[in-house]
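See below for the structure under consideration.
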Amino acid sequence: MSGSIPFYQKHHRHYDRGYRSRETESAISQYQQSSNTYSSHSSKSTKGHEFQSGLSDTEEARAKESAGYLARRDLFASGVESERIEHKSHRTVMRESAERISLSKRIYENEEYHKHLNEDSLMHTPEFVIKPRSHTVWEKQCVRLHCTISGCPEPRVVWYKNNVSIDPMATPEKYKVESSYSVHSLEINKCDFDDTAQYRVSAMNSKGETSAFASVVVKNKARMEAPPCLEYGVTFETHLVEKFGVSFGREGETLSFGCSVIIYPSLQRFQPEIEWYRDDKLLVPSKWVQMHWSGDRATLTLSHLNKEDEGLYTLRVITKSGFETHSAYVFVRDADAEVAGAPGAPLDVHSLDANKDYVIVTWKQPAVDGGSPILGYFVDRCEVGMTHWAQCNDTPVKFARFPVTGLVEGRSYVFRVRAVNKAGMSHSSRVSEPVAAMDPADRTRKGPFAPWTGQIIVTEEEPVEGVVPGRPCDLSVIEATKNYVVLSWKPPGEKGHEGVMYYVEKCVSGTDSWQRVNTEIPVKSPRFALFDLAEGKSYRFRVRCCNSAGVGEPSEPTEATTVGDKLDIPSAPGRVVPTRNTDTSVVVSWEASRDAKELVGYYIESSITGSNTWEPCNNKPVKGTRFICHGLTTDESYVFRVRAVNAAGISEFSQESEAIKVKAAIASPTPPYGITVLECVRDSMVLAWKQPTFIGGADITGYFVDYREVIGGVPGKWHEANIKSVSERAYRVSELKENMLYQFQVRAANMAGVGIPSLPSETFKCEEWTIAVPGPPHDLQVQEVRKDSLVLLWKPPVYQGRDPVNGYYIDIKEAEADFEMWRGVNEKATDKTFMKIKDLKMGESYVFRVRAQNKAGVGKASDSTEPVEAVTKPGTAEIVVNVDDDGVISLNFECSNLTADSKFVWSKNYVEMTEPERMTLETKGSKSKAIFKTPSEEDLGIYSCFVTHTDGASASYTLSEETLKELLKISHDHKFPIIPLKTELAVELLEKGRVRFWLQAEKISANGKVEYVFNDNVVHQGEKYKMNFDKNTGIIEMFMESLGKEDEGTFTFQLQDGKATTVSVSLFVILVLLLLFCASVFLFLQVFIFLSTLFSLPISKKDAGIYEVVLKDDRGKDTSTLNLTDQGFKDLMNQVFSVIANSSTPLKIQSTEEGIRLYTFVSYYNDELHCTGNRLILVFFIDRARVAGGLPDVVTIQEGKCLNLTCNIWGEPVPEVTWLKNEREMVSNDHYILKFESGKFASFTITSINTSDSGKYSILVKNKYGTESGDFTVSVFIPDEEPGKKK
């Protein structure tokens, strides 16, 4: 039978009064055994030190406590016992004294042993032994709050007033804080009304933190003797400002939010009543929730967020005149899982139907399953006051309800739940509220609250012997799942005065073989959960009562019950419909699940369209079929789905909703404001007003103006001034009566409808203005707000005065400054209707106004603008000028916070360009550009771009004459680019008569090409020419195997990289001069270098002669002669030339801007050679005029098109340029446009080309060093005529 007992019943003991006595005896015996064997245990490992009695940790602690008490009682015996000992023998006294000393020593050693064994067991979070209590005192009295706190390590104690820490050092005359032997106190001296508050004492150590609260109410005797309510007859106006909005937090974080409260009139002695609600349930202070009222601001702090804290929070401020409320939703996201893919933590853990040894634990499933289905849940329990958590079920349960049995009667417990899937275990849920294991009748009799220790002592009366209990009645199955079945019954009527226990029996349906389920452990509660039943089988159940007199008759059996889930998972919700709400939220509604039983609520998920990534919108099930999903991205498209939740599980997802773009719902606009009069004549008045602060999410389509007469201060009936709406914020109201008083109101309209009217304006008199100065400007607007500047725009006054307006003055002041602080921005009047105001102070708010002037003087100032803060908003962009590869110049502006209704508005000099003739406007996505067609001086000015339906996104760009020239130059370079070169084309003479032509480009792509041209003929790889093109280094080489007279001429490298990008570099080689000159120079260098080396002096013919060297000493002399005349001198010079030649580098040729240089580097030289450093320049060619390139050989073009060719001209001095057609000189006119710019660029344009323009064209360039020409042929063709068209 024991094999069928559930696991959680096998390890629990159910105690009665007799067993508790046996427990004490067992504890004393066990303690003596452990003391005798202590010395043997000291050599074992830590694991071996554990007691082997089979007692739990709690039972072991009680055993040690009881044994310690008995030992101390023996050590410190009473005086009576001492007198009795005196009559004993001396030997007996000595023996007992030694035993007491030995026992004392063993107790001390045992305590030290356990202390050393687990030092952490002595450390615990702070606990309040005595909590501070609340006080009500009179003014001028002192009050003392005190408490007793235990904790290890010793906690740090801080006192708070309305959640603001008290610093006794700052106000020693007011507060005094003392701490002595775990007793802590706060003394408040001479209390006054401001000391009325909630006080909190917080104790904290390394193990945790705990708090206790107490209130102090200070009363005034005079106030008590006064009438009951000083506020009687006073109407209070309450306003909530700086309101909290929708908030987002994560589990484990701390979140604070609140509102500022303004109450008028402000009475010093009056304080409103502050209440906080979550989902319409009043909140009370706890360790999870702290409330603070500072006198003008109410704050709520959630100290450790859990998903239970998610919901709609409402602040209610109550006065004698009523109350004001404000609500906003708080969302709590799951904390990061310890294991990737683990589910979120369950929530809302509660204890239901608690009895003597039984309780039902319920919870709600999490919204996040981690990507794989949740396999089930584990329930943990912990006895109040302890830290050890015990798991209640061996296998996970899927049902969100679980019966926990085997509790110890009279003790209090808390519970928590964990979810598990294939990836791992979730975080634990927030622990439930404590629940006591006791009979409900006893709980009702003793009150709803357990002592702070969580333990309740249950006493029983002495039983009356000999009464066998009767049959239990009303037995039924109250819950059945595939994991367990719960039975419920009522106690028998005949049970005597002795408490009864119960045995539960079961049998398979169709048989009469009853089997007792709880043979070893009778249950005390009239509830019982049966586990280990076969799923799908049918069972019947019955119950017997028992006491010391015997076992009673069984109850009537239940009906056959099939093991399985009786509560079905709800069906999927119906159609999901999202609707717009705000820029970051969407209202989602759906059809409720059909036939859903015990429905807990719904979970909503959202996904960006096309991403297939779903995120929960709520982490706490919501009841109802409508929910506002916050935290969405503006202008993104989302789809939504919903699923239902009950204790059996979570339903399938509903069908996905239609996609919806997140943007504010369209509503009618708010009223306009600031109605003023711009002009008045005998029968009409011109009104102006300001745009509504909220336009309703759509463009305002127009305004409607109403007017009414005011006679004797009494307003009349409203009349419509315009039947058709007006788009401007100014309107002339006609058919008025002269000298009559009028009031006006304005309504704004958009596609959602016409809004409510504005407040009535001031009373204006309809009389003709005769003043000489102009009226006020109107419609002031602010654009391009930056941290130190902005642009102010306005419209001219409607009333000009006697003379036209000739200028404007702008005034500025700080928004909070007095009226006298207005000051001028410009000393000289400006004739424009815009101005850029600079030198603003970052972060300061300003207001502006404008005054117009004419010859008669300065008129009335306009209405001031709304305050504008000088700050550069995040994401602010400027207009960027760009020149593309085709040389097209454009102004570009990008806006990152566009809405669906946003438009780019381009202006020149702040006048909107609707259909510009000289520009093309293009907009794609969040970018817009203004493209110049043919930029010239006509395009100079200020270009600005403003984006509608944003928070003022705008920028400007000033195109000056200097900037335009730079842009045109860059445009020309992009149209006709030249590849930059590191080195110009050079020539090197190598061994055996080989010649190397080479140059190096700075950068060239893999698509680069090069053509090698000699005298306008392309040469190719062959026996005579070897070419090499290294695109990585940009080095281009051509080797000529030998030089001949036929090689005299021009060598050109033509480089092409990318679209129509060509560079031509030419080098002229005069072969005969080069060969003859090189031969003579080679011999000269050899002799010169040898002589310079030999004599270290310049050598010339005057040094020729016969040199004699005489060598002599005491032994004699010897003579040697060197003949350096005639042939001898020639031979010497030949050797000198040989040395010079050997020290020289190969001859090089360089093409420069000045011409062509032939040079070499020598190690030996003298002044006659005119060397630059060690470089000897041999020949220098002055640059002559030439055509560098850019012209094609043949141009084929269609009739009617425009032909434009440009080429580069080189030469110094600047050459003369002549254009020829068919060998005849051309003259520039409207048809042929000939230009020569900057001495480098020659352009040739034929407008509207025709067949007569076909022919051979040439360009002739000439200066004093030479002449060169470039030829090309133009061929004009006529396109084929369309079919069917008569010729």
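Positions are given from 1, in the same order as the sequence printed here. This is a predicted model, so every value here is computed, not measured. Note: hydrogens, waters and symmetry copies are ignored here, and every other heavy atom, side chains too, is used.
- Between Glu598 and Arg401, at least one side-chain nitrogen of the basic residue sits less than 4.0 Å from a carboxylate oxygen of the acidic one, meeting the salt-bridge criterion.
- To the nearest 0.5 Å, atom NZ of residue Lys623 and atom OH of residue Tyr602 are 11.5 Å apart.
- Judged by the 6.0 Å and 45° rule, Arg544 forms no cation-pi pair with Tyr503.
- Under the salt bridge (charged side-chain N to carboxylate O under 4.0 Å, His left out) criterion, the residue pairs touching residues 339-354 are Asp348-Lys364, Asp353-Arg527, with sequence neighbours excluded.
- Applying the ring-ring contact (aromatic ring centres under 6.0 Å, His included) rule to Phe248 yields the partners Phe331; only residues at least two apart in sequence or on another chain are considered.
- Taking the ring centre of Trp389 as origin, the terminal cationic atom of Arg416 falls inside the region bounded by 6.0 Å and 45° from the ring axis.
- For Glu652, the salt bridge (Lys or Arg N to Asp or Glu O under 4.0 Å) test picks out no residue, with sequence neighbours left out.
- For Asp334 and Arg250, the salt-bridge test fails: no basic side-chain N is under 4.0 Å from an acidic carboxylate O.
- How far OG of Ser286 is from CZ of Phe213: 7.5 Å, rounded to the nearest 0.5 Å.
- Between Phe528 and Trp489, the gap from one ring centroid to the other reaches at least 6.0 Å.
- Ring to ring, Tyr313 and Phe257 are close: their centroids are under 6.0 angstrom apart.
- In the model, Ser303 has no side-chain atom that pairs as donor or acceptor with a side-chain atom of Thr254 under 3.5 Å.
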